[in-house]
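Report on the structure given below.
Values reported hereafter were calculated over all heavy atoms of this structure, with side chains retained and with hydrogens, waters and symmetry mates removed. Because the structure is predicted, anything quoted here is derived from the model rather than measured. Letters go in sequence order (proteins before strands), and every chain restarts at 1.
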Protein chains: 2
Amino acid sequence: MASASTRPRPHRAVRRQQAEPRFDRKLGKILEHATEVFCDKGYEGASMRDLSRATGMSLAGMYHYFGSKERLLYLIQQHTFSTVLSRLRARLSETNDPGHGVRTFIQNHLEYFLEHQQAMKVLSHEDEVLDGEYGRKIALIKREYYRICRDLLDRYKKEKGLEFDSRTAVLSLFGMMNWIYTWYNPRLDGGAEQLSREMGNIFFRGISAR
Amino acid sequence: MASASTRPRPHRAVRRQQAEPRFDRKLGKILEHATEVFCDKGYEGASMRDLSRATGMSLAGMYHYFGSKERLLYLIQQHTFSTVLSRLRARLSETNDPGHGVRTFIQNHLEYFLEHQQAMKVLSHEDEVLDGEYGRKIALIKREYYRICRDLLDRYKKEKGLEFDSRTAVLSLFGMMNWIYTWYNPRLDGGAEQLSREMGNIFFRGISAR
DNA sequence: CCATGGTTCGAACGTTCGTTCTGATCGTAC
DNA sequence: GTACGATCAGAACGAACGTTCGAACCATGG
């Protein structure tokens, strides 16, 4: 289960120029298919043979490129999380208003969530399965993500002179947003803008009352 | 995976008087230990041998009493859910005010949640694993649970003349509450009363603003 | 005192798991 | 054309899986 670093990383081919992106694009596609399988069957429920079948890559090939089932999950979670995080940072750099910042946080989270439902479900649902080095790295990103939201909220709280428990508030907000994967239905529930408006309303009015 | 009714239920001993409760108490203890294992390792990750070891009952004994791993999970979920539901009904029968009803709903949910964290995590986290007859039965209880909360909220909405999307509101509330299992720390976060007050505040003020 | 039937067990069944290994094939660079 | 790295199919590995079996155990009723 543990030990991320004992297994050598697959020997990534050293190429020149335009070969690299094609290589990454192909592996990206494979990661997408793997995400779908993990999403449907769960990490433990999905076998390497399932993953191999779904990606079209041979079993041996999977091990050649990814090294282990654990690392496969790690790569998916790491890629998903850091993409969300970098998008968020880009958006937040445009504002200094903490209230607007939290709205942006919600909007960014839900937009990515609905756009990549499967990846986000794997991120939410297979949260505790990675341990060792992999688990530590994912936990690090997650803590930073939490930190950003909490800091924004604390600034907002001070600015408006409000009183509430920041920790409970932030984690309740995360709960609202991350629970979506258990119920979201695009036919019944609107898009990301509508959902983030409604959840943002509940959350903001909720913490804003004196 | 499917088919609940193909396997015969274990022949429950027909006994008189005080033997029954002892029988049930023993099996109840075993279910508690099994809950702990499912909670720690997940349904797929937990093996019948793990469960057998944790409960102190032999592997064959587990099958004698519970029939299958699937039915074991079903019994845990069914017992947990119907206990929550019957407690809720008892409390709700004392009030007719929908606002107070929703507060009671939150209080009841969180109280049981913190009192039986492991069982509730198994209920939340292993939500999609049961299919067939078992899955249908659990889904039925869940829908009824959802219905109660939604009806209360709709009555509250009409009474106060508010406007918000009931579905999104109820499911956001469930998200806040059910996500707790991923972060709750009794040292940092208070007891059930405090948490349900804080979440209740966020939720109520959130939906109440015009 | 033995027969009965629920209870419990160790051992085994066949399957699938994650992973590794062996060669064969194929396209490309020299 | 040949050497090489990428990629493959397929078999094999030991371990672990969910489940079943047959025989002991043990209290009870005749």
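In this structure, CZ of B:F66 is placed 15 Å from P of D:dG18, rounded to the nearest angstrom. If you take CE of B:M48 and C1' of D:dG18, they are 7 Å apart, rounded to a whole angstrom. What separates CD of B:E44 from P of D:dC17 is a distance of 12 Å, to the nearest Å. Distance B:R53 CZ to C:dG10 P: 13 Å, rounded to the nearest Å. With rounding to whole Å, B:L51 atom CG is found 16 Å from D:dA16 atom P.
In this structure, B:Y63 does not reach the D:dT20 phosphate: none of its side-chain N or O atoms is under 4.0 Å from OP1 or OP2. For C:dT8, the OP1/OP2 oxygens have no side-chain nitrogen or oxygen of B:H64 closer than 4.0 Å. Side-chain N/O atoms of B:S47 include none lying less than 4.0 angstrom from OP1 or OP2 on D:dA16.
You'll find the ring centres of A:F164 and A:Y156 outside the 6.0 Å limit.
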Produce the list of close N/O pairs, under 3.5 Å, pairing protein atoms with atoms of nucleotides 8-12 of chain D; give distances to one decimal.
{"from": "D:dA12", "atom 1": "N6", "to": "A:R49", "atom 2": "NH2", "distance (Å)": "3.4"}

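Residues satisfying the side chain to side chain donor-acceptor pair (under 3.5 Å) test with B:Y146, not counting sequence neighbours, are B:R150. By the side chain to side chain donor-acceptor pair (under 3.5 Å) test, B:E128 pairs with A:K121, sequence neighbours left out. Applying the ring-ring contact (aromatic ring centres under 6.0 Å, His included) criterion to A:F113, with sequence neighbours excluded, gives A:H109. A search for side chain to side chain donor-acceptor pair (under 3.5 Å) contacts involving B:E36 returns nothing, not counting sequence neighbours. In terms of the side chain to side chain donor-acceptor pair (under 3.5 Å) criterion, B:T83 has no residue partners (sequence neighbours excluded).
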